[in-house]
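Throughout, protein chains are lettered first and strands after them, A, B, ... in sequence-line order, and every chain is numbered starting at 1.
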Protein chains: 2
Amino acid sequence: MSAPGGERRGKLRRDAELNRRKIIAAAREVFREQGVRATLDDVAEHAGVGVGTVYRRFANKEELVDALFEDMIDNVEAILRETIPGKDAWSALSSTLERVCELQAFDRGLREVMLGTGRGPQRRDQVMSRVAPAADRLLQRAKDEGALRPDTQPWDLPMIQLMVAAISEHTGHPNLWRRYLHLILDGLRARPDMGTDLPNPITDEMQLLATLEDSSAQSIRSQDHPSNG
Amino acid sequence: MSAPGGERRGKLRRDAELNRRKIIAAAREVFREQGVRATLDDVAEHAGVGVGTVYRRFANKEELVDALFEDMIDNVEAILRETIPGKDAWSALSSTLERVCELQAFDRGLREVMLGTGRGPQRRDQVMSRVAPAADRLLQRAKDEGALRPDTQPWDLPMIQLMVAAISEHTGHPNLWRRYLHLILDGLRARPDMGTDLPNPITDEMQLLATLEDSSAQSIRSQDHPSNG
DNA sequence: ATATAGCGGAGATATCTTCTCCACTTATGA
DNA sequence: TCATAAGTGGAGAAGATATCTCCGCTATAT
């Protein structure tokens, strides 16, 4: 009967509001270290509150993860905003990419949220829609400068992030990803001496979205009974 | 109580041997499509046998996965062996990488086995140890040719595979990975016009670890089971 | 002081897997 | 052909998690 969503903020009793913050802080820490598979019981223990308290504030884990995810998008936006407009676009682009990848390198939960076969694609889209304009501008400037290969596409950026995150995820090494980000950045540089023809460019964004939707729909559907052949 | 391993091959009754093959074939198919999280019950159903029959041949899922994994290494070895020695090393290298990535693109189970946070690293090592000599030779030839940047390392290859597999895994798109493999290959090309200095955290870190051996050993020891030898 | 929002955390519920057991079926060879 | 041992199926026991609820009690606000 009660709607346990976060919409009542401000009406909470003082101690309840304190607990809400403790829960969010604990969730951030627990998910960062153990990934999103950590249970809300874990989060509760870390926060020093009972599970019931967690469930009173957040109807389920999704809601809590979403709350943290919003925070994260803010971070990415901030990084893009901080990009010095005067600097050459290539440096801006590479340092931006590096900083975004850094976020992922130390946050297992974030990687899982971004990479996860479940809602991952939708979440990437969510980031993209808030971040795309600035990112597009940056890419265009870097191309105009002649530093970035001209067949780069905006949706290459999340894909690069995804690849780099995979390194962090599967080696656990805190810095190895930098090597491969650099490798990829070298691949992104325009080359006067050589043609530039990346295969399979998906020419319009809607087409990519259709791809992502398909795969996520498939993974959701596959939870049901498989049809026999 | 009995040891149900596959060591009795040849002593099996004809129908039992047939079932064993059906199980392996079904496992390959099920794991390819659903990933290694598929249950042995799934495999049994696909094979058209009872679960009991599966468990009589393979003590547990690990054993079955291992059997399939051996097959896979054979495939990778075959690809390397087929590399035409006369051709220029760069073409050989890039087509080899592409073919290995192709294997992963259509096999979710294989990706999970390679990428998985669990035994993934050990399994990658297993591949590397059987494949490393040929791979090293190929890399060296490509460097000698002046096509491959000289700071490439042998262990870059599995990492590249890993990144490319992440694209397949998380987009579900059958060919998008080719774009990013090509991007990475462009990053691997030697460049006369530009320095070549990938950060090398593994070497750096090993030096660092040598210095800090004491403290890291302590942190590993404190993680869990003191009974380990 | 009192009303009431909020708390804790055991445990009900639900979902999954793994793996066992044994009555029944089938291949084999004498 | 038939005795017999090898092999089979698949329900369900056993175990592992995770999610979320309930209600007697506590802390806050007025």
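For A:E45, the CD atom is loosely surrounded, since the number of other residues' heavy atoms within 6.0 Å does not exceed 12.
Nearer the 5' end of DNA chain D, as judged by each residue's closest nucleotide, is the contact made by A:A38, out of A:R13 and A:A38.
The distance from atom CG of B:D42 to atom P of C:dC16 is 12 Å, rounded to the nearest whole Å. Rounded to a whole Å, the CD atom of A:E62 is 13 Å from the C1' atom of D:dT19. A straight line from CZ of B:R57 to P of D:dA6 spans 12 Å, rounded to a whole angstrom. In this structure, A:D15 places its CG atom 8 Å from P of C:dG6, rounding to the nearest Å. One atom, CD of A:E63, and another, C1' of D:dC20, lie 13 Å apart when rounded to the nearest Å. At whole-Å resolution of the value, CG in B:L12 and C1' in D:dA6 are 10 Å apart. Look at CG on A:L64: it is 11 Å from P on D:dT19, rounded to the nearest Å. A straight line from CZ of B:R37 to C1' of D:dT17 spans 12 Å, rounded to a whole angstrom.
Note on A:R56: a side-chain N or O is less than 4.0 Å away from OP1 or OP2 of C:dC7. A sub-4.0 Å separation between OP1 or OP2 of D:dA18 and a side-chain N or O of A:T39 is absent.
Counting any heavy atom pair closer than 4.0 Å across all strands shown, B:D41 reaches a base atom. Residue-level contact check: B:N19 touches the backbone only, with heavy atoms under 4.0 Å from sugar-phosphate atoms and none from bases. As judged by a 4.0 angstrom heavy-atom cut-off over every strand, B:R14 is placed among residues touching the sugar-phosphate backbone only.
For the pair B:T53/B:R56, a side-chain contact is recorded, criterion being any heavy-atom separation below 4.5 Å from C-beta on.
Judged by distance alone, the side chain of A:R111 and the main-chain N or O of A:Q104 form a donor-acceptor pair under 3.5 Å.
With rounding to the nearest 0.5 Å, the separation of CG in B:L12 from CG in B:N19 is 10.0 Å.
For the pair B:D74 and B:R130, the salt-bridge criterion is met [side-chain N within less than 4.0 Å of a carboxylate O].
Of the candidates C:dT18, D:dG10, D:dG9, the closest approach to any side-chain atom of B:K61 belongs to C:dT18. In this structure, the nucleotide among C:dA10, C:dC19, C:dG6 sitting nearest to the side chain of A:V51 is C:dA10.
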